[in-house]
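This is a predicted model, so every value here is computed, not measured. Any value given below was found using the heavy atoms of this structure, including those in side chains, with hydrogens, waters and symmetry copies removed. Residue numbers begin at 1 in each chain, while the letters A, B, ... track the order of the sequences.
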Amino acid sequence: MAKKPSVKYWLVKSEPHVFSIDDLAQAPDQTTHWDGVRNYQARNMMRDEMQLGDVVLYYHSNTDEPAIVGVATVVQTGYPDFTAWDKQDPHYDPKAPIDKPRWYMVDIKFVKKFAQPLTLAFLRTVSTLESMVLLRKGSRLSVQPVTAQEYAVIVKLAK
DNA sequence: GCCAACGTTGGC
DNA sequence: GCCAACGTTGGC
């Protein structure tokens, strides 16, 4: 019998005025490439660890009410982020070699939007989530791992 | 708008 | 390899 690959859980941040969960829901095929990540830790996770079917929590940052607002899923594993080579792109990286991709991205697809967003302020009150990467002081990673336990708690709170 | 925390750059 | 300076993130 084939071993069932275990699903991993992640959280991605997006500024809603740039690309919100509603934008994702309205995108063609409700899918987008998660371009523009220019941080090595985040890149490594997208390039090396995110697998098809992995579950992604969608977080709105830099807004009046920072919150986890819904769920997406990985529909394409890591591949070169071509926007790094595009001079017109805000995330253009002049040091990214043409023949050797420096930055990677995955494709994610909309799954659902929470009826009630789980605000950062609220999440901080949940004792079972206190070690979540998102809630750690100074945590700025735009792609973060989430444990299965944390995910279970969040889904329960969001319904 | 402020500012703490963090990552990156580059001189030495 | 150290570390100061700088730029960015992102909550408040």
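The aromatic rings of A:Y9 and A:Y151 lie parallel to each other, with less than 30° between the two planes, well short of the 60° mark.
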request  = Apply side-chain hydrogen bond (donor to acceptor under 3.5 Å, both in side chains) to A:Q144 and A:S139, showing your working.
outcome  = CA-CA 10 Å; A:Q144 309 177 348; A:S139 170; 3.3 Å; yes
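Side-chain rings of A:F82 and A:H33 approach one another, their centers coming within less than 6.0 Å.
For the ring-ring contact (aromatic ring centres under 6.0 Å, His included) criterion with A:W34, the lone passing option out of A:Y58, A:W103, A:Y104 is A:Y58.
For A:D22, the salt bridge (charged side-chain N to carboxylate O under 4.0 Å, His left out) partners two or more places apart in sequence, or in a different chain, are A:K113.
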Per-nucleotide protein contact along nucleotides 6-12 of chain B, 5' to 3', at a 4.0 Å heavy-atom cut-off (B base, S sugar-phosphate only, - neither), is BSSSS--
